[in-house]
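Each remark here refers to the structure printed beneath this line.
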There are 2 protein chains.
Amino acid sequence: MKAKPRQHYEARAQIAKALAHPSRLLILDALSEKELCVCDLTELVGADQSTVSKHLTVLKSAGLVSGRKDGSMIYYRMQCPCLGGFFECMESVLKTNLKTQQQLVRAL
Amino acid sequence: MKAKPRQHYEARAQIAKALAHPSRLLILDALSEKELCVCDLTELVGADQSTVSKHLTVLKSAGLVSGRKDGSMIYYRMQCPCLGGFFECMESVLKTNLKTQQQLVRAL
DNA sequence: TGCCGATATGGTAATATTACCATGAAGGCA
DNA sequence: TGCCTTCATGGTAATATTACCATATCGGCA
């Protein structure tokens, strides 16, 4: 591994941080199908509108979603098709973790 | 999208949180090449040994790395080959963000 | 213009994360 | 056994994240 500057990892950590909240993962999951307005997402998440708006700001700052203005509403959409691969990776990690736990239980 | 329980996203957020720190990304990057002991990683990260140990605990709890004991040392290794795909995804997001910024600058 | 619905932002309290120091536990070796 | 090295853990202070309320902004419409 060639040493990369701290800045390199800071930038990547920013993206990971944007993914590190259940509500934001839910939002991304919903947006992976079609674009939705803040009101749709607010209802979906079930939190205060301002809270959802701030989550969207985080996702947008990380470059994971983008907003399209239409009248008084703003439709958000996913910006990164590759995120699907990440979600699959998380699934496989969780599956592996589950197997590991089962083995531990069996060994009792 | 079929509605998934909150728990579903909580579990995934835990994994994303484990990735959401520059030092931990640096550690994973190093471990992607070969297994390393805590002392190697402590020197690499340049933080207190206890700090690095805690980072490793976070990564291990998330199921992203595993430790192998050898004498008085513990060698850590990556547990999830699929993480590479995630890193590529982050790269592509960062690249896209850069392009977007350049376009904004050009539009001035 | 005046009001309303949709979003964003500022303020603030609760909670979580992080780093370091001090210390504990366990293995290797004289 | 006693000491040293390696790693983990408890404590604590600084910082970051998060949620909600209140409010500002902006577009549409009467």
Side-chain angles (χ1 to χ4, degrees), chain A residues 6-7 9-28 30-31 34-79, chain B residues 6-7 9-28 30-31 34-79:
Chain A
R6 163 169 296 274
Q7 195 183 355
Y9 296 102
E10 298 265 3
R12 280 143 194 81
Q14 274 308 113
I15 296 178
K17 276 186 196 176
L19 296 169
H21 191 288
S23 297
R24 291 198 288 270
L25 291 177
L26 170 56
I27 288 170
L28 288 173
L31 292 183
K34 63 171 183 290
E35 63 176 20
L36 294 165
C37 66
V38 181
C39 54
D40 291 334
L41 294 168
T42 297
E43 189 184 355
L44 180 68
V45 171
D48 192 88
Q49 177 269 321
S50 68
T51 300
V52 173
S53 178
K54 281 179 183 173
H55 280 312
L56 288 167
T57 300
V58 171
L59 290 172
K60 195 161 127 186
S61 300
L64 300 178
V65 306
S66 62
R68 176 180 68 83
K69 205 165 186 177
D70 181 9
S72 65
M73 309 174 74
I74 297 188
Y75 286 93
Y76 280 89
R77 61 155 64 194
M78 279 197 105
Q79 196 63 20
Chain B
R6 163 169 295 275
Q7 195 183 353
Y9 296 103
E10 298 265 3
R12 281 145 193 78
Q14 272 310 112
I15 296 178
K17 277 186 197 176
L19 296 169
H21 192 288
S23 296
R24 291 197 289 269
L25 291 178
L26 170 56
I27 289 170
L28 287 173
L31 292 183
K34 62 171 186 289
E35 62 176 21
L36 294 166
C37 65
V38 181
C39 52
D40 291 333
L41 294 168
T42 297
E43 189 183 356
L44 180 68
V45 172
D48 192 89
Q49 178 270 320
S50 69
T51 300
V52 173
S53 179
K54 281 179 182 172
H55 281 311
L56 288 166
T57 300
V58 171
L59 291 171
K60 193 161 131 186
S61 300
L64 300 179
V65 306
S66 63
R68 176 180 68 82
K69 201 166 188 177
D70 182 10
S72 64
M73 309 174 75
I74 297 188
Y75 286 94
Y76 280 90
R77 61 155 64 194
M78 279 197 106
Q79 196 62 21

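These figures come from a predicted structure and were not determined experimentally. So you know, we letter chains A, B, ... as the sequences are listed, proteins then strands, and number each from 1.
The two residues A:L36 and A:A30 come nearest to each other via the heavy atoms CD1-CB, 3.8 Å. Between A:S23 and A:V45, the shortest heavy-atom distance links the atoms OG-CG1, 3.7 Å. Taking both residues in full, the closest heavy atoms of A:D48 and A:T42 are given as C-CG2, 4.3 Å, listed atom of the first, atom of the second, then distance. Here the closest heavy-atom approach between residue A:G67 and residue A:I74 is recorded as CA-CG2, 4.1 Å. Contact record, A:Y76 with A:V65: CD2-CG2, 3.8 Å, taken as the closest heavy-atom pair.
Residue pairs meeting the side chain to side chain donor-acceptor pair (under 3.5 Å) criterion with at least one member in residues 55-69 of chain A, sequence neighbours excluded: A:R24-A:H55, A:E35-A:R68, A:S66-A:Q79.
Contact of the B:L19 side chain with the B:L28 side chain is registered, since non-hydrogen atoms from C-beta on lie closer than 4.5 Å.
Heavy-atom contacts of chain B under 4.0 Å fall on DNA chain C between two terminal nucleotides, which in 5' to 3' order are C:dT17 to C:dG28.
Shown for residues 11-22 of chain B: no residue has heavy atoms falling under 4.0 angstrom of DNA chain D. Annotation: proximity of residues 48-60 of chain B to DNA chain C (heavy atom, distance under 4.0 Å) is found for B:D48, B:S50, B:T51, B:K54, B:H55, numbered in ascending order.
Taking atom NZ of B:K69 as the reference point, atom P of D:dT5 lies 18 Å away to the nearest angstrom.
By the salt bridge (charged side-chain N to carboxylate O under 4.0 Å, His left out) test, B:E43 pairs with no residue at all, sequence neighbours left out. Listed by chain and number, the residues in a side chain to side chain contact (heavy atoms under 4.5 Å, CB included) with B:A11 are A:L94 (sequence neighbours excluded).
With A:P22 as the fixed residue, the side chain to side chain contact (heavy atoms under 4.5 Å, CB included) test singles out one of B:E10, B:R12, B:Q14: B:E10.
In terms of position on DNA chain D, the residue among B:Y75 and A:G71 whose nearest nucleotide sits closer to the 5' end is B:Y75.
Within the 4.0 angstrom heavy-atom criterion, only backbone atoms of the sugar-phosphate kind lie near A:Y76; the bases stay farther away.
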